[in-house]
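The structure under discussion appears below in the form of structure tokens.
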Protein chains: 2
Amino acid sequence: MVEPGSAAAWRRAAAEAAAATSDEDALELVELFFFAYRDFVGDADRLLGKYGFGRAHHRVLHFVNRRPGLTIAALLDILRITKQSLNRVLKQLLDADFVEARPGVVDRRQRLLYPTPQGAKLARDLAALQSARFLKVMDGLPPAARGAASEFLFAMIDSDERERVRAHLACAKAAGGAP
Amino acid sequence: MVEPGSAAAWRRAAAEAAAATSDEDALELVELFFFAYRDFVGDADRLLGKYGFGRAHHRVLHFVNRRPGLTIAALLDILRITKQSLNRVLKQLLDADFVEARPGVVDRRQRLLYPTPQGAKLARDLAALQSARFLKVMDGLPPAARGAASEFLFAMIDSDERERVRAHLACAKAAGGAP
DNA sequence: AGATTTATGTCAATATAGTTGACGTAAATA
DNA sequence: TATTTACGTCAACTATATTGACATAAATCT
């Protein structure tokens with residue numbers, strides 16, 4: 001493919017082969033990301049269907065379980081939806097006794113959200129499904145590549161959002177949410 | 001953390017530190033994947049809004065542009081939605097002259113879908129946005145980790161779907177779709 | 001103490017993206 | 001000729017989100 005005598009062409013090809021990610025590679029990554037996410041959420045969708053819940057319920061239940069005592073405002077901030085949209089889903093989870101709301105102790109206007117025992121169980125089951133996919137993938141990856149996957153995902157997040165995500169992870173870890 | 005004298009505990013800790021992915025790590029990956037995808041699609045959403053289109057239009061336009069001459073059936077197979085759902089968005093794309101349908105030459109029942117010039121341009125602009133995120137991420141990653149990201153995403157796809165995805169990518173590459 | 005802000009709830013209308021089910025039509029195929 | 005295939009379409013429905021307006025109780029400011 002490299003024409004003999006063309007130093008520029010050779011240099012270009014060498015540079016590409018060495019490290020750079022081409023536009024075509026990037027497009028492939030875009031599509032792989034789409035397909036990977038499609039299958040990733042598919043696992044949980046099937047289980048949620050048995051309870052008459054959807055993805056919206058999953059997200060709420062997940063974050064409530066992961067950070068018990070979460071306020072409405074904090075949840076809205078994570079999910080990036082309006083309170084009206086959240087309220088519909090949250091009310092169903094409260095009615096079905098998967099989530100419980102207690103008035104805040106320091107600020108009684110707040111409603112602190114906690115998973116009920118059955119809520120925590122469903123959250124764990126859903127997380128187990130999705131974690132299982134990751135565990136299997138990581139297990140099949142060469143050890144050196146494992147840290148890369150996590151680094152890669154973190155880098156995919158908006159740069160001005162990374163600190164908040166990092167804080168959320170630290171907070172969840174400290175709370176010992178659904179381990 | 002490692003109690004002296006406990007060989008079993010030491011071996012466990014060493015094994016974990018060496019390679020294994022813990023349940024807590026897996027949970028973190030689940031959340032990172034959620035946040036990464038949220039921001040990834042956010043880029044395109046903003047541009048689509050200017051045209052009055054949504055994510056559904058994006059997906060159709062993307063795959064039509066990537067594999068010109070795609071049939072309805074093939075598109076349904078990729079998107080995993082019903083033809084009624086596809087038809088609504090597809091009709092809008094046809095009406096707005098972003099996609100064109102030509103009767104199949106070998107089988108005249110088929111409608112082969114092609115992007116119009118302005119459809120191809122929008123598809124390219126959208127792809128450029130999302131590719132840019134990947135290019136930036138890959139550029140910031142150590143060279144050794146770059147291949148890992150692609151491998152990782154591919155491994156995240158359902159095992160019984162990987163062949164079809166591989167075929168799609170090969171097909172798109174051969175067609176030279178929107179490079 | 002009274003005024004204002006904050007955290008949250010709620011009603012109503014609307015949009016987008018998807019579903020199931022039923023029926024129609026033209027072209028390919030057995 | 002009969003059947004299957006590829007696609008279109010009408011209708012009713014669900015899920016998830018939006019905007020806008022208004023209500024309430026608790027915290028906070030002056």
Side-chain angles (χ1 to χ4, degrees), chain A residues 34 37-38 41-42 44-64 69-96 99-114, chain B residues 34 37-38 41-42 44-64 69-96 99-114:
Chain A
F34 166 75
Y37 196 78
R38 182 193 67 179
V41 294
D45 282 350
R46 281 180 285 276
L47 179 55
L48 285 160
K50 295 183 186 171
Y51 291 81
F53 291 146
R55 278 183 208 177
H57 303 87
H58 184 188
R59 292 194 285 266
V60 171
L61 185 58
H62 173 91
F63 287 110
V64 167
L70 203 66
T71 65
I72 300 284
L75 195 48
L76 289 175
D77 191 57
I78 290 174
L79 299 177
R80 302 276 178 101
I81 56 174
T82 58
K83 62 179 174 176
Q84 295 90 329
S85 192
L86 170 62
N87 219 262
R88 179 182 38 87
V89 175
L90 181 57
K91 201 174 338 192
Q92 289 170 357
L93 286 169
L94 289 165
D95 287 350
V99 169
E100 188 187 346
R102 304 177 204 157
V105 275
V106 36
D107 185 337
R108 280 184 304 172
R109 289 172 305 181
Q110 295 181 328
R111 298 174 78 198
L112 309 186
L113 303 172
Y114 295 88
Chain B
F34 166 75
Y37 195 77
R38 181 193 67 177
V41 295
D45 282 350
R46 282 180 284 275
L47 178 54
L48 286 160
K50 295 183 187 170
Y51 291 81
F53 291 146
R55 281 184 206 175
H57 303 88
H58 183 189
R59 291 195 283 268
V60 170
L61 185 59
H62 173 91
F63 288 109
V64 167
L70 203 66
T71 64
I72 301 284
L75 194 47
L76 289 176
D77 192 55
I78 290 174
L79 299 177
R80 300 274 177 109
I81 55 174
T82 57
K83 63 178 173 177
Q84 293 91 330
S85 191
L86 170 61
N87 220 262
R88 182 173 32 80
V89 286
L90 181 56
K91 200 175 335 191
Q92 289 170 1
L93 286 168
L94 289 165
D95 287 349
V99 169
E100 188 187 346
R102 305 178 204 155
V105 275
V106 36
D107 184 337
R108 282 184 300 172
R109 288 171 305 179
Q110 295 181 327
R111 299 174 78 197
L112 308 187
L113 303 172
Y114 294 88

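In what follows, every chain begins at residue 1, and chains take the letters A, B, ... in the order their sequences are listed.
- Listed by chain and number, the residues in a ring-ring contact (aromatic ring centres under 6.0 Å, His included) with A:His57 are A:Phe53 (sequence neighbours excluded).
- Dashed line: the shortest gap from a side-chain N or O of A:Arg108 to OP1 or OP2 of D:dA27 is under 4.0 Å.
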Mind listing the N/O atom pairs, protein and nucleotides 2-5 of chain D, below 3.5 Å?
unit_1: D:dT5; atom_1: O2; unit_2: B:Arg109; atom_2: NH1; d: 2.4

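- By the side chain to side chain donor-acceptor pair (under 3.5 Å) test, A:Asp45 is found to be paired with A:Arg55, residues two or more places apart in sequence or in another chain being considered.
- If you take CG of B:Leu112 and C1' of D:dC7, they are 12 Å apart, rounded to a whole angstrom.
- The side-chain contact (heavy atoms from CB on, under 4.5 Å) search around A:Ala73 returns A:Thr71, not counting sequence neighbours.
- The salt bridge (Lys or Arg N to Asp or Glu O under 4.0 Å) check on A:Arg109 picks up A:Asp107, with sequence neighbours excluded.
- Remark: A:Phe34 engages B:Phe63 in a ring-ring contact (aromatic ring centres under 6.0 Å, His included) (not counting sequence neighbours).
- Here the P atom of nucleotide D:dA6 and the CD1 atom of B:Ile72 are 12 Å apart, to the nearest Å.
- For the OP1/OP2 pair of C:dT10 and a distance below 4.0 Å, the side-chain nitrogens and oxygens of A:Asn87 include at least one atom meeting the criterion.
- Residues satisfying the salt bridge (Lys or Arg N to Asp or Glu O under 4.0 Å) test with A:Arg108, not counting sequence neighbours, are none.
- With sequence neighbours excluded, the residues that form a side-chain contact (heavy atoms from CB on, under 4.5 Å) with B:Arg80 are A:Arg38, B:Glu161, B:Arg164.
- Per the geometry, CG belonging to B:Leu90 stands 11 Å off C1' belonging to D:dC7, to the nearest Å.
- Side-chain contact between A:Leu113 and A:Leu93 is absent, with no heavy atoms from C-beta onward closer than 4.5 Å.
- In this entry the distance linking CG of A:Leu70 with P of C:dA7 reads 14 Å, nearest Å.
- Rounded to whole Å, the distance from CG on A:Leu76 to P on C:dA7 is 11 Å.
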Letter per nucleotide, 5' to 3', of nucleotides 13-22 of chain C [B base touched, S only sugar-phosphate touched, - untouched; heavy atoms, 4.0 Å]: ----BBBBBB
